[in-house]
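Accompanying notes for the structure given below.
A, B, ... follow the sequence lines: proteins, then strands. Residue 1 opens every chain.
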Amino acid sequence: MLFNSLEFFIFLAVVLPLYYVLNRRAQNAMLLGASYFFYGYWDYRFLSLVAISTLIDFWAARAIDREQRPRMRKLFLACSMTANLGLLGFFKYYNFFIDSAARTLETFGLQANMPVLYVILPVGISFYTFQTMSYTIDVYRRHLPASDDLLDFALYVCYFPQLVAGPIERATNLLPAIQSRRVVTSKMVATGCVLILVGLFRKVVIADGIASQIDPVFASPGAHSTPALLKALYLFALQIYCDFAGYSDIARGTSRLMGIELMVNFNHPYFASNISDFWRRWHISLSTWLRDYLYIPLGGNRNGELKTYRNLMLTMLLGGLWHGAAWSFVVWGGLHGLYLVGYRLFGSLRKKVRVAGTGAGSFPFLGRLIGMFLTFHLVLLTWLFFRASGLGSAIVYLQQILSFRGMENWLSVLPLIAVPWLLVFLIDIPQHLSGDHTVMLSWPRLVRHGIYATLLFLVILGFGTHAPFIYFQF
Amino acid sequence: MRLSSIFSFDTYRAIRGSLLWLALLLALLVAGELLLRAPIVVSALPRPEPTLWHAPLIQTKLDYLRKFEKDHGIDVLFIGNSAVQAGVNPTVFDSERRRLESAKPDSFNAAIEGLPPYGVRLFLEIYLRHSSPRVIIYGITPQDINSASPWARDVTQRVQQSILALAESERGLLGWTYARLLRLSHLYRYRYVLHQLLLRGGAMRGDGFVYFDERGFHPIRKRLSQLDRAERVRLRNRAGVLNYSTEGEQLDELKKLMGLCSEKGIRLILVNMPLADDYYGNFDNPADYKTYLDTISDIAHAYGVPFWDMEHLPSEQNLTDEDFADLNHLNRSGAAKLSRLVGRRCCPSSEAQLAGRFRKQAVGD
C-alpha cells in the first residue's frame, strides 16, 4: 500500500480510531494485524518472509541472551546472520550474480547455461532484514535484553509506517516504545499532521510532478541535448530527495499520530558542506547502521590511515550494493567511498596547512557555501549512475553531457530546474535554519493555516498519479 | 477491555484548530473552481488533457480516432504496442484491400507504444466507446505475454494508475467517478496542467511533435542495415523477454480481450509481428520463442481466433534488415510490405491461396 494512495488514508481512518480506544496490548495486536495487511496488500505471499525473519531473530536473540558460553552465543548469531543474509541474497542478488557470472564467462568465450530463476524482489526486504539483524547484533553485544514477547517483537519488525522503506529503526529506540504505554499529546498530533502534509507535498507535488521531465531523458540519453540532460539530472537529485525524505516524513508523521517517535532519516542533506556531512544528513538510519554494524567492526579509523580508507571503501561499496543488484549501484557506492577517502585526505592536508599558519577559515560563511556547492555537485554525479538504467547508459549520458550539444538553449531550461528547487527550499530553509522540521507550528496562526491550506490544495492538484516511492525497490 | 486514555486533554483543542485551515482550503478550492470557469483564464491555459497517460500523445491518438470514426467510420482497427504502431500502415492496407475486393475499407492504427495486453484491453474498451469496427487485428510480440517482464509490469502499473484511462473507459466505480469528476469540476480537469505550470514556472510546452499520421501510423525512416555491430548490440532489449514465462496476468488479459471481442461480435485476428534476426539473441533460451508461439497458437485455437504468423513470410515478401528500424520495429518500407500482406490475407478470395505459401501453417484459420 502506498502512502500517496487513497487506500492508505482509508486504512488509516480505520486503524487510528481503533488504536485510540484499545489498551496497549490490544493496540499492539491490532497494529500487527494492520501491518501485515498493509504489507500483504502488495503481495500476501511475501508475508511469510517477514514472519520467517521475525521468528528466526526472536529465537536467535533469546538463545543468545540466555547463553553464557561465548562460542555458543557466536553460533546463534551466525545462524541468524546466515538466515537473514541468505534470504536477502537469494531474493535480491541471485539473478545479479548469476547474470554477472554468465557475462564474465562469455567474455572468455565460454557459453554458460546458468540456472535462471524468476525471483521477485519482495518490497522492503532490505529494510526489515537490516532492522532484525541490528536487533540480534545488539542483543549479542548486550546493548539490550532479548524481547520475551513475540507479539511486541513481531510488531517491531513490521510496524507499518516504516516497514517498506524505513527508517531502519534500532530496537533500542522502537522496541521500548512498543513495550510501553503510549500517550498521544496535542503536540504529537499537530507535528504528525504537519510532517504528513510536508511529506505529501514533497512526494506528490514535487517528486511525482517532475518525473515527466526526468524519465524520458534517462530512457534515451543519446537522443537529448546537453541542457536537457543536465535539467533531468538536477531534477533527479531533487526527485530522489523529495521522494525518499517525503516517505520518511509521512512515516514519522503517521507514527506520531500513534504516539510513537521514529528517528529523523533526512536532515536537509543538500545543505551539507562536505561529503562526510552529507552522509550525516542523508538516509541517516542506513548510514548509521553501516557505521555501527560494518565500518566500526571492520576496524573503523582505529588501525591507521590505509585501513581506514579500505574500511570506508568497503562500507560504501556494500552500501551501494544494498540499494540494488546492479553494477551501477556499486559504482555509486564506490564514488561515495572515494569522496569520503578524498575528504579525509584533504582534512589531514588542511590540518597541516593550518599548523603552518596560512590563516585558512577566515571566511567561514563563504567557505561553507563553496563547500555546499562542491558537495552537491559531487553527489549529483553519483546520482547519474544511480538513476541510469545501467552502467553503459550512464556512460552514454555522461558522454552526451560532455558533447555540449544544443547549448544555445541552456537558458530555456533554467526556470525548469530552478522553480521546483525553489519550492522545496521554501520549506527546507526555514526548517534548516531553525533546526526544527515542524517550525511552521511556531508561525502566526493565519500564516500557518494559510500555508497548510495551500500545501493541501497543491497535494490535491497533484494527487492521483500514485507513483510508487523510488526506495520501495531497495 | 479497559479503554486507554491515550489522548491528552489539549488534543481536542488541536483538532478544533485544524478546522480553520480546512475552511481556508475550501475557500481555495471554490476560488480555483470559479476562476477556471472564466473563459479568459481557460483560453490562456494549455489543453487539460493528455497528462496522466503513461505516454505522451495518447490523447491525440484518441482525438484522431474519434475524428476518423466521425469522418469515415472505422472498419478495421489495429491494436498492439509500438511494433504495430510502426509496423502497419492503414493507407497501404486499405489500398491493397480495395485493389482485391473493390470494397471501401477504412482502417485505423490504434496501437500505442509500450502497451502489454493489460493496457491494450483497457484501451480497446475506450476505443469501442467511440467506434464499432467489424474486424480487430492485434499484432503481438513475444515480450507482450512474458509475465516476468519488468517493462510489462511497469507499464501495467502506469496504465492502472492512469486516471484518464480509467475515466475514458469508465471501468468500475472508480472509472465512473473519475469520468464524472472530470466532467463536473474544472479544477479537477485542469489540476495536472496547473501542477505542471507551477513546477515549470508558467512555461508549459504543447503536445510536441506528433509522430503518427491521422490514421495512427508511425512511419520510421531509419534502417537497421545501416547500423554497425556495436550499435545492434546496444539495441538489444533483454528485459522484455528475460526469464521468459507466459503464465500470468498478461496472458489472462489477452484471453479477456478475446472474450470481449467475441461478446461484441467483432472478428479478432492475432498477428505475430515480424522480428529482425538479431532479436532472438535477447532470449535466454532459444526455445522460449517456440514457447511463445505455441502459447499464442493454443489460446487462439481454444477461442477460435485466427492466428497469422507474419514472422515466417513467403520468400518473395521476406523482410530483411532493410525493412527494420531496429530489432522489433519495422521501418516505412517494412510496414508497407507487411500492410500489403495483411491486407491481402484479409480478403477471403486471396486468403486461402496465400495461406498455402506460408512456411508455417497458421493456426485456427
Side-chain angles (χ1 to χ4, degrees), chain A residues 19-24 26-27 95 113-114 116-120 181-190 193 205-206 208-210 212-213 216 222 258-259 389 392 396 412 415-416 418-420 422-423 445-446 448-454 456-458 460-468, chain B residues 1-15 17-29 31-32 51-52 55-56 147-148 153 157-158 160-163 174 178 187-188 190-203 234 238-239 242-245 284-285:
Chain A
Y19 182 83
Y20 292 143
V21 297
L22 296 172
N23 63 29
R24 187 196 72 83
Q27 278 176 341
N95 278 341
N113 281 323
M114 295 289 196
V116 178
L117 294 178
Y118 173 38
V119 184
I120 306 173
R181 183 173 162 267
R182 275 84 63 172
V183 173
V184 182
T185 62
S186 64
K187 195 174 175 202
M188 289 186 109
V189 172
C193 288
V205 181
I206 306 292
D208 293 351
I210 57 179
S212 60
Q213 297 187 64
M258 293 183 283
S389 51
V396 171
S412 64
L416 299 178
V419 173
L422 278 175
L423 287 171
R445 198 163 173 239
L446 201 63
R448 188 168 83 219
H449 291 302
I451 290 172
Y452 298 154
T454 311
L456 196 58
F457 177 74
L458 295 175
I460 291 170
L461 280 190
F463 206 78
T465 47
H466 293 212
Chain B
M1 196 182 298
R2 192 177 63 83
L3 292 184
S4 69
S5 55
I6 194 161
F7 281 131
S8 67
F9 177 73
D10 57 352
T11 303
Y12 298 103
R13 213 168 39 130
I15 293 170
S18 61
L19 290 176
L20 174 63
W21 63 270
L22 282 179
L24 285 169
L25 171 70
L26 197 68
L28 272 175
L29 290 171
T51 68
L52 294 178
S147 57
R153 271 205 306 276
Q157 201 178 36
R158 283 164 190 258
Q160 278 168 345
Q161 291 163 359
S162 166
I163 286 174
L174 208 57
Y178 282 145
L187 192 60
Y188 193 73
Y190 279 92
R191 76 197 190 294
Y192 182 83
V193 168
L194 295 173
H195 182 189
Q196 287 299 314
L197 281 172
L198 170 81
L199 289 175
R200 292 164 192 243
R234 212 177 303 148
R238 296 188 71 234
L242 193 68
N243 298 328
Y244 203 79
S245 162
D284 289 321
N285 181 353

Run L199(B) and I206(A) through side chain to side chain contact (heavy atoms under 4.5 Å, CB included) and show every step you take. CA-CA 8 Å; L199(B) 289 175; I206(A) 306 292; 3.8 Å; yes

Report which part of [X] has an atom under 4.5 Å of a heavy atom belonging to chain B: side chain, backbone, both, or neither.
X: I210(A); value: both
X: L458(A); value: side chain
X: T454(A); value: both

Quick one: pull up [atom1] in [X] and [atom2] in [Y] and give me the separation to the nearest 0.5 Å.
X: L456(A); Y: L29(B); atom1: CG; atom2: CG; result: 8.0 Å
X: L187(B); Y: F457(A); atom1: CG; atom2: CZ; result: 5.0 Å
X: L461(A); Y: Q196(B); atom1: CG; atom2: CD; result: 11.0 Å

Proximity breakdown for L198(B) and chain A, heavy-atom pairs closer than 4.5 Å: both

Determine whether V205(A) and H195(B) make a side-chain contact, defined as any pair of heavy atoms from C-beta on separated by less than 4.5 Å. yes

Check this for me: L174(B), atom CG, are more than 12 non-hydrogen atoms of other residues, nucleotides or ligands nearer than 6.0 Å? yes

